[in-house]
Amino acid sequence: MVKNLVIVESPAKAKTIEKFLGSEFLVRSSFGHVRDLTKKGLGVDIEGGFKPLYEISAEKAKIVSDLKRAAKEAETVWLASDEDREGEAIAWHLKEALSLKEDKIRRIVFHEITKNAILESVKNPRNIDVNLVNAQQARRVLDRLVGFEISPILWKKIKPALSAGRVQSVAVRLIVERENEIKNFMTVSFFRVVGVFEISNTFGTNTFQAELNIRFKTEEEAKTFLEKCISVTYSIASIDKKPAKKSPAPPFTTSTLQQEAGRKLGLSVEKTMQIAQQLYESGKITYMRTDSLNLSDMALGVAKKEIGKLFGPEYVKIRKYRTSTKGAQEAHEAIRPTYIENQDIDGDATQKKLYDLIWKRTIASQMSDAVLEKTDIVIDISSFVKEKFIASGEVIKFDGFLKVYIESTDDESLNGNSGTLPPMVVGEQPSLEEMQATQKYSQQPYRYAEASLVRKLEELGIGRPSTYAPTISTIQKRGYVVKQNKEGVSRSYKNFILKKGKIKEETKTEKTGYEKNKLFPTDIGTIVNDFLVQHFVNILDYNFTASVEKEFDEIAQGEKDWNEMIKEFYASFHPQVEKTLKTSERASGERLLGIDPASKKNVYVKLGRYGPMIQIGDTESEEKPKFAGLNKGQSIDTITLNEALTLFDLPRIAGKYENENITVGIGRFGPYIKLNNTFYSLGLKDDPYTVSEQRAIEVIEEKRKKDKEMAENKSKYPLKIGEYEGKEVLIAIGKYGAYLKHGIDNIPLGRSVKADSIDLQKAIESILSQKEKNTKKVIREFPGEERIKVLNGKYGPYISNGKENFKIPKGKNPGTLTFEDCSEIINKGTSSPAKKKPVRNKKST
DNA sequence: CAGTGAGCGAGCTTCCGCTTGACTT
């Protein structure tokens, strides 16, 4: 029996801490929150003074009952969840859910996972901070009220299954408004003048570039300036050298990691978090969901030693960073390598790359400033007063942290004036080699990428490190925004070149506006946003979160009653809900495109129940209107009358085959051909509007041939091809392509492998190579009991009976477990719950 | 699961933050 039970939030943390605390302590994990508001209904008893109605969800039931059992056996339960609002609430929920008596619990917190910090925290337990818990309850209830009262309005007024919330709706708003800015952006062009000069002096002959301090608005002005420059001289008016320095960026938080992984490695926010989680779980980095810039003293010490060793002591500068982020709760450290002395790690390519990024950023954050020397040279032009050429140069005198890491920017056009300038003296007269006046265009605002949206949300204090990635995926799942590329367009620009006293004029073209993986609002996103801004501008306000956070802080300080706060909020919010339900129009984004020349009826574009559509004729008229859905890539905002009318060309009859009509159309799954009620998908190569009868027949025949093959496969496979090690070897075809069956083992062959290309020889090769892969995984097998194995998992060894997995109890050596030991462990039944398969989305029929 | 789109309407959808082993057919 163990006297002490310690409960932390994450299993990986539990594993680490257990080592520090010794055998008197059993460390378990709660896997985050254990209770939440009821899934059904509002989950808040409004009449009963906004009392939250909590439940333990099905997936947490097992965790709670296990913890309950462990708590019963322990003398003292140490609640060691994070030291922030959510962590405090987790501790309180644990106390409630496990029915723990006040005198049995101790609340402890530690700021870093080191032996000292943990032992120290155990010496200084405190009570659960009720005020902090209440602040969390207020946060939770407010989010539920906002989300569950506004979303149903959208179902009624726009489309079913839509959603609104304090965080996601603001995220969508940012994207919609940015799109509007881009739409309303007026591009202006100007002429930038750059000269290439040659200077000959005691240091030799050198060339350098300088830019005119004035930009011309029109072609004429630019040309006139160049003409006047045919007969001028240039002289160095001043040389200004000044020292400058650059400092490293602070260590990574969740948000900055997502940004840099996006910019430098091209990873999506979700992918970044997945890889970071893997690194965390294998003990290579500290916790990846954090808003803290803090590094532990231990980490700083190791960083200092490493930098000194790798680059020399002059490169070391230990720094403490402080966060300026609104609402940061800093329960953890910044993201850093667990062992900073490990410059690289074992793992796959992406894991290595992400680790390298984290290592460099961490190391650089503790390195010296880079010392630069900036030079500005002003060149006078004879017969001009205001117009001057400026040459700028930048020389690195001491590289400091730049040796390791340079932070990227979203705006790559900020490539400043780097490089050296040749030596020269005031009064010297450089000669002009060439001067170019080039037409440039003002840059429209950038669309958000996933990571830059996260940065903006963080700036506004909206959302938390644990929710950035899920929020981004929610607004895409709801169809409010899409991540896509935008093709660049060609545009022409003028260029005037002055060389050897003559002016040449040329018109060139450039590609512009190409964007990759940016977030674009959809029609639904725009309509929902406009609706919400119109009716709930207070919730959609960029400062709404900040202002309620202030109130949560007051609750946490014990200066405000949380029920009072929610009551006040609801008193103004709920009438808004009622009013909107009663008075608002159905929002469909309807637009009149014009008149259909054939029927002389009105043509509208609007959002229907199944997405954007065109409607010919009015719903009020006697004759039923005609409808057609928009194609991919078209939008309510931009579709023209002509484009709309061609949508009615489908479905069309493309010809005849086997005495039946061939119909061509575009359906839910893209373009198709239909013959006799059977569908044949059209690939990207074929255009449904023009596809010929001949081609359609081809497609039908191809599909029939494939189907026939499939049917043959079904009767042919699984096919026995021989025996190996006394067990049958079969080839089978499954969901994931061809695979081998060898006894009870399944060996996947990969999608590209054709089943009929496998003979016994090849099959045995595959079986052997699979075995080799598995030897790393399988620790023990038992003859005659093929289903029961001891395996190496990500989180250590476990026993599998083919269906369920079982943890190996502490103190048992997985390498020497007997079959009887395994059976006993299995029979005790402390299996981890079977992983639930993701529920497929219900069809919207 | 591919001709839908108003209307009748049961019952469903939805929030934000914590955390999240392996075992395929």
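Just so it is clear: chains get the letters A, B, ... in the order the sequence lines come, proteins before strands, and each one is counted from 1.
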Scan [X] against the nucleic acid and name what it touches under 4.0 Å (heavy atoms): base, sugar-phosphate only, or nothing.
| X | answer |
| --- | --- |
| A/P152 | base |
| A/G43 | nothing |
| A/A164 | sugar-phosphate |
| A/Y468 | nothing |
| A/Q168 | sugar-phosphate |
| A/L37 | nothing |
| A/G147 | base |
| A/P160 | base |
| A/S10 | sugar-phosphate |
| A/R166 | sugar-phosphate |
| A/S163 | sugar-phosphate |
| A/V146 | nothing |
| A/G611 | base |
| A/T474 | sugar-phosphate |

Is the shortest side-chain N to carboxylate O distance from [X] to [Y] below 4.0 Å?
| X | Y | result |
| --- | --- | --- |
| A/K13 | A/E18 | no |
| A/R107 | A/D129 | no |
| A/D82 | A/R289 | no |

Any [X] side-chain nitrogen or oxygen under 4.0 Å from OP1 or OP2 of [N]:
| X | N | result |
| --- | --- | --- |
| A/S466 | B/dC18 | yes |
| A/Q615 | B/dG5 | no |
| A/S151 | B/dC15 | no |
| A/R652 | B/dG3 | no |
| A/Y672 | B/dG3 | yes |
| A/R464 | B/dT19 | no |
| A/Y604 | B/dG5 | no |
| A/R35 | B/dC18 | no |

Between [atom2] of [N] and [atom1] of [X], the distance in whole Å:
| X | N | atom1 | atom2 | value |
| --- | --- | --- | --- | --- |
| A/H332 | B/dG17 | NE2 | P | 16 Å |
| A/K477 | B/dT14 | NZ | P | 9 Å |
| A/I636 | B/dG5 | CD1 | P | 17 Å |
| A/K159 | B/dT4 | NZ | P | 16 Å |
| A/L457 | B/dG17 | CG | P | 10 Å |
| A/H33 | B/dT20 | NE2 | P | 13 Å |
| A/E590 | B/dG5 | CD | P | 17 Å |
| A/F50 | B/dC15 | CZ | P | 21 Å |

Listed nucleotide nearest any side-chain atom of [X], set [options]:
| X | options | result |
| --- | --- | --- |
| A/R478 | B/dG17, B/dC18, B/dT14 | B/dT14 |
| A/R144 | B/dA2, B/dC15, B/dC18 | B/dC15 |
| A/I90 | B/dG5, B/dC18, B/dT20 | B/dC18 |
| A/E86 | B/dC18, B/dG3, B/dG5 | B/dC18 |

Any donor and acceptor pair, going by atom type alone, linking the side chain of [X] with main-chain N or O of [Y] inside 3.5 Å?
| X | Y | result |
| --- | --- | --- |
| A/Q615 | A/G617 | yes |
| A/W562 | A/Q137 | no |
| A/K60 | A/F31 | yes |

B/dC15 base stacked by A/F148 (centroids within less than 5.5 Å, tilt under 30°):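 Answer is no, no stack.
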
Sequence neighbours excluded, every pair satisfying salt bridge (charged side-chain N to carboxylate O under 4.0 Å, His left out) that has a member inside residues 144-160 of chain A: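 As it turns out, there is no salt bridge (charged side-chain N to carboxylate O under 4.0 Å, His left out) pair with a partner in residues 144-160 of chain A once direct neighbours are skipped.
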
Distances under 3.5 Å only, N/O to N/O: pair up the protein atoms with those of nucleotides 7-11 of chain B.
none

N/O donor-acceptor pair, side chain A/R139 with base B/dC16, under 3.5 angstrom: yes

base_contact_polar (B/dC15 base, A/R140 side chain, donor-acceptor, <3.5 Å):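 Result: at least one qualifying N/O pair found.
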
A/H535 and A/F531 aromatic ring geometry - parallel, tilted or perpendicular at 30°/60° bounds: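 The arrangement is tilted - the two ring planes meet at 30° to 60°.
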
Pairwise C1' distance for B/dC18 and B/dA22, with rounding to whole Å: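 Result for the C1' pair: 23 Å, nearest Å.
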
Approximate separation, where rounding is to 0.5 Å, of A/I56 CD1 and A/I63 CD1: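 Here the interatomic distance stands at 10.5 Å.
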
Value rounded to 0.5 Å, distance of NZ in A/K284 from CD in A/Q351: 6.5 Å

5′-ward residue of the pair A/T38/A/K60 relative to DNA chain B: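 Nearest-nucleotide comparison on DNA chain B picks A/T38.
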
Criterion side chain to side chain contact (heavy atoms under 4.5 Å, CB included) on A/L142 and A/Y570, from CA distance to verdict: CA-CA 9 Å; A/L142 180 126; A/Y570 198 72; over 6 Å; no

Candidate list A/R85, A/R464, A/R166, test salt bridge (charged side-chain N to carboxylate O under 4.0 Å, His left out), partner A/E549, passing option: A/R85

Paired and unpaired positions of DNA chain B as dot-bracket, Watson-Crick or G-U wobble under 3.5 Å, | denoting a partner strand: .........................

Residues A/Y680, A/Y672; criterion ring pair (Phe, Tyr, Trp, His ring centres under 6.0 Å); working and verdict: CA-CA 6 Å; A/Y680 305 86; A/Y672 65 87; over 10 Å; no

